[in-house]
Amino acid sequence: MADPVRLRVLLLFIIYTFFMSKELHHLRLVGNTPLITLKLNGFEHIDLEVKLEGYNPTGSVKDRAAAYILNKIMANKTINAETTIIESTSGNFGVALSAFCKYNNLRFIAVVDPNITSMNEMLIGAYGAEIIKVTKADSNGGYLLTRIEKIHELMHTIPNTYWVNQYENPLNARAYYDSLGKEICFQAAHIDYAFLGVSSGGTITGVSKKIKENFPECKIIAVDVEGSVIFNRPASKRYIPGIGSSMVPKILKEALIDDVIITNEWETINECYTLLREHNLFVGGSSGSVIAGIKNYFTRMNITQPVNVVTVFPDRGERYFDTIFDKNWCDKIPQKKAEEAVLAG
Ligand SMILES: Cc1ncc(COP(=O)(O)O)c(C=O)c1O
């Protein structure tokens, strides 16, 4: 018969490891963000519900994609403990990936460019990522192509890498289908319209699919900004980070989009200040963009009957301290002329 003392020690060890593995780390608290109601001045017929994604652990909706993608590729053994994760990102996704890579003891290299904000550069570094900053502008005058070139170079020189590639990785969209989309459908009683900002396309692709499964009559409206090429509009300089893109994301092919509304950066800034002043909501640029998009859409479509609308505020205002919430920075953005908002298709 086994020694009872040894048995007791073994039992205690099993109980201890079980509870230690259940220790609640704050990075496990991704999702289950609040859905609040908002009444917009002059648009009282809109019952607006807003998902506040700034409540995620590193402060943005991108925690959902970062946590989901890493969990999936670790579980299906696409990567191992020695894999180096690489991604071209200067924004919230870089911050989220560095935090979740650190949590999972994975090496992470973020390829960034000189447009990165000092806040994001500090956070990405502080969470432990290695930062490679490209400085050579590409043939379009931006840095996107140079960053992608650098990614390919890293994949050739470092053994055992995984390029997250949010613009093409179906797991990016899947993350939002399985979490954000599911939560919205669970929390909202009825949805006539959903307005979603677009950058890599992950959010709208995943969420639109889930919403249409639950509310087939719901119209999905993509919100993009002037200067972004996502919806076949001419490229021009964009100032506000987070929303829009200078390439068309491949994953967007699966998105179920009914209409596109294009907003300009001044409307975005104004709405950010209005949200702060009138609703005590200190939120990031694309939150202002979606509000501008909602107002422009219902005005242009002349929809005045009561409607249930859902939207997503992807992050909080702190990260825009030296951009949107710095009046001197705002003054440097050229005033866009007549084009206030364009319904693109
Ligand atoms: C700050 C921020 N995060 C995330 C998103 C959603 O982007 P994606 O299309 O990459 O999922 C947006 C788009 O509006 C955004 O502005």
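These values consider heavy atoms only, across backbone and side chains, with no hydrogens, waters or symmetry-generated copies. Atoms within a ligand are numbered from 1 in the order they appear, just like the ligands themselves.
Residue S208 holds its OG atom at 10.5 Å from OH of Y177, rounded to the nearest 0.5 Å. Note: N296 CG to T263 OG1 = 7.5 Å, rounded to the nearest 0.5 Å. One distance of note links OH of Y167 with CG of L144; it measures 7.0 Å at 0.5 Å rounding.
Between F298 and F43, the gap from one ring centroid to the other reaches at least 6.0 Å.
For ligand 1, the atoms lying closer than 4.0 Å to a non-hydrogen atom of P314 are 1 (C), 2 (C), 3 (N), 4 (C), 12 (C), 15 (C). Using a 4.0 Å cut-off to heavy atoms of G197, the atoms of ligand 1 that qualify are 13 (C), 14 (O). If you number the atoms of ligand 1 from 1 as listed, the ones under 4.0 Å from a heavy atom of Y320 come out as 1 (C). Of all the atoms in ligand 1, the ones that sit under 4.0 Å from a non-hydrogen atom of V198 are 9 (O), 13 (C), 14 (O). Numbered from 1 in the order shown, with element, the atoms of ligand 1 that lie under 4.0 Å from a heavy atom of V61 read 3 (N), 4 (C).
Of the protein's non-hydrogen atoms, G242 O, 3.6 Å is the one closest to atom 12 (C) of ligand 1. Among all non-hydrogen protein atoms, the one lying nearest atom 16 (O) of ligand 1 is S286 OG, 2.5 Å. Here the protein heavy atom with the shortest distance to atom 6 (C) of ligand 1 is T203 OG1, 3.3 Å.
At least one test fails for K212 against the ring of F215: distance under 6.0 Å to the centre or angle within 45° of the axis. Figure legend: cation-pi geometry between K219 and Y193 absent, as NZ or CZ is not positioned both under 6.0 Å from the six-membered ring centre and within 45° of its axis. For K62 and F93, the positive end sits near the middle of the six-membered ring, less than 6.0 Å away and at most 45° from its axis.
Checking only distances, S199 does come within under 3.5 Å of ligand 1, N or O to N or O. Residue K62 has at least one N or O atom closer than 3.5 Å to an N or O atom of ligand 1. By the 3.5 Å distance cut-off applied to N or O atoms, D315 is not counted among the residues near ligand 1. Where the criterion is an N or O separation shorter than 3.5 Å, residue side chain and backbone included, G201 meets it with respect to ligand 1.
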Evaluate ring pair (Phe, Tyr, Trp, His ring centres under 6.0 Å) for Y273 paired with F325, printing each intermediate quantity in order. CA-CA 8 Å; Y273 280 93; F325 294 102; 5.4 Å; yes
Can you list the steps and then say if I240 with I269 is a side chain to side chain contact (heavy atoms under 4.5 Å, CB included)? CA-CA 9 Å; I240 298 171; I269 292 169; 3.9 Å; yes
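Taking all atoms of both residues into account, the shortest heavy-atom contact from R64 to N56 is NE-ND2, 4.1 Å.
For N92, the closest heavy-atom approach to ligand 1 falls below 4.0 Å. Proximity of Y167 to ligand 1 is not established, as no heavy-atom distance is less than 4.0 Å. Ligand 1 lies out of reach of S60, whose nearest heavy atom is not under 4.0 Å from it.
Of all the heavy atoms of S200, the ones lying under 4.0 Å from any atom of ligand 1 are found in both the backbone and the side chain.
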